[in-house]
2 protein chains.
Amino acid sequence: MVLLSMATDPLGLTFSALADPTRRAIVARLAQGEATVSQLAEPFDMSSPAVSKHLKVLERAGLVEKGREAQFRPRRLKPEPLRDLSGWLESYRQFWDAKFDSLDAYLKEIQNKDTPQ
Amino acid sequence: MVLLSMATDPLGLTFSALADPTRRAIVARLAQGEATVSQLAEPFDMSSPAVSKHLKVLERAGLVEKGREAQFRPRRLKPEPLRDLSGWLESYRQFWDAKFDSLDAYLKEIQNKDTPQ
DNA sequence: TGGTTACTTAACCTAATGGTTAGGTACGGG
DNA sequence: CCCGTACCTAACCATTAGGTTAAGTAACCA
């Protein structure tokens with residue numbers, strides 16, 4: 001059921017891939033250009049199999065693509081899932097766009113003056 | 001560690017809240033106006049405690065707010081996390097924006113000339 | 001050819017997720 | 001005041017997620 005829905009729910013795959021901070025850091029790194037697994041693993045205090053697993057999750061979501069060059073398997077970022085995510089978000093623009101809820105925006109203005117949060 | 005990072009990682013909370021299709025459906029429903037728990041539960045083939053749990057996840061992410069009116073606890077959608085998500089996405093616009101693709105390819109060309117290791 | 005580097009796979013562990021049922025609490029109506 | 005409706009909490013269960021170590025494959029290098 002989860003298995004099934006996940007397999008047929010690309011948006012869900014994307015969201016859950018990006019839910020992990022390690023994976024978002026990998027995405028951030030790959031946004032600056034392709035990188036090998038070792039390079040991607042270097043900043044993290046975790047084993048390389050763990051990084052491999054994270055990469056597999058990103059690949060399953062279509063966010064990352066694996067290349068092969070000699071003994072290296074360079075990864076690069078793929079734009080499509082991010083584009084899809086943006087499309088989904090866009091359908092809620094009326095909610096997070098300040099113009100929509102002027103009262104909400106106004107309250108927030110006030111609040112932002114000294115919100116400790 | 002997961003506990004800790006999640007507590008201090010609002011973006012991660014948002015992504016994982018939205019990873020579940022039931023929760024995205026709830027968000028879609030709430031985008032049309034506030035609704036009670038029973039109203040939200042109605043379309044789903046699952047117990048109401050299950051729906052309550054989903055709502056708690058959405059609330060923890062700040063996506064949903066709980067009101068109280070007599071015996072009802074109407075939920076409404078909050079825009080902030082969606083706005084934050086949009087901000088995060090925006091920082092990757094260069095990747096999913098089609099116009100940028102050719103430049104991206106060009107940068108990759110250059111980079112491959114002297115990639116160490 | 002044998003060692004080293006790069007990476008993956010397998011087996012395992014713990015904790016979180018997503019569901020259940022059963023048993024609360026709180027409110028409004030007859 | 002009691003009953004039904006609305007909702008939440010607790011306890012439990014199965015599966016998934018995220019990490020580990022150990023062992024495997026593959027390519028380069030001396």
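Letters A, B, ... are given to chains in the order of the sequence lines, protein chains preceding strands, and every chain is numbered from 1. Just the heavy atoms: all of them, side chains too, but no hydrogens, waters or symmetry mates, feed the values below.
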Strictly below 4.0 Å: does [X] bring a side-chain N or O up to OP1 or OP2 of [N]?
X: A:Ser52; N: C:dC7; answer: no
X: A:Lys56; N: C:dT9; answer: yes
X: B:Ser47; N: C:dT20; answer: yes
X: A:Ser48; N: C:dC7; answer: no
X: B:Lys66; N: D:dC8; answer: yes
X: B:Ser38; N: D:dC7; answer: yes

Considering non-hydrogen atoms only, spot the tightest contact between [X] and [Y] and give its length.
X: B:Leu13; Y: B:Ala61; answer: O-CB, 3.7 Å
X: A:Gly62; Y: A:Lys78; answer: O-CB, 3.3 Å
X: B:Arg29; Y: B:Glu34; answer: NH2-O, 4.0 Å
X: B:Ala25; Y: B:Phe44; answer: CB-CZ, 3.6 Å

Starting at atom [atom1] of [X], determine the distance to atom [atom2] of [N], rounded to an integer number of angstrom.
X: B:Arg60; N: D:dC8; atom1: CZ; atom2: C1'; answer: 18 Å
X: B:Phe15; N: D:dA17; atom1: CZ; atom2: C1'; answer: 18 Å
X: B:Asp20; N: D:dT16; atom1: CG; atom2: C1'; answer: 13 Å
X: B:Phe72; N: D:dC8; atom1: CZ; atom2: C1'; answer: 16 Å
X: A:Leu55; N: C:dC7; atom1: CG; atom2: P; answer: 10 Å
X: B:Lys53; N: D:dA10; atom1: NZ; atom2: P; answer: 11 Å
X: A:Leu58; N: D:dA17; atom1: CG; atom2: C1'; answer: 14 Å
X: A:His54; N: C:dC7; atom1: NE2; atom2: P; answer: 16 Å

Worksheet item: Of the nucleotides D:dG19, C:dT20, D:dA6, which has the atom closest to the B:Pro49 side chain?
Response: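 Given the options D:dG19, C:dT20, D:dA6, the side chain of B:Pro49 is closest to C:dT20.
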
Item to complete: Identify which nucleotide among D:dC8, C:dG19, D:dA22 has an atom closest to any side-chain atom of B:Arg75, counting heavy atoms from C-beta outward.
Response: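 Of all the options, the side chain of B:Arg75 is nearest to D:dC8.
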
Item to complete: For A:Val57 and for B:Glu59, find the nucleotide of DNA chain D with the closest heavy atom, then tell me which residue's nucleotide is more 5'.
Response: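 Taking each residue's closest nucleotide, the earlier one in sequence belongs to B:Glu59.
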
Discussion item. Between B:Arg68 and B:Lys66 (side chain of the first, backbone of the second, donor and acceptor by atom type, cut-off under 3.5 Å), is there such a pair?
Written reply: no

Worksheet item: Are B:Trp88 and A:Arg24 side-chain neighbours, meaning at least one heavy-atom pair lies under 4.5 Å?
Response: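 Yes, side chains in contact.
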
Discussion item. What does the B/S/- profile of nucleotides 25-30 of chain D look like, 5' to 3', with a 4.0 Å heavy-atom cutoff to protein?
Written reply: --SS--

Worksheet item: B:Arg93 and B:Glu90: salt bridge (Lys or Arg N to Asp or Glu O under 4.0 Å), yes or no, with the steps?
Response: CA-CA 5 Å; B:Arg93 173 170 285 278; B:Glu90 201 54 35; 2.4 Å; yes

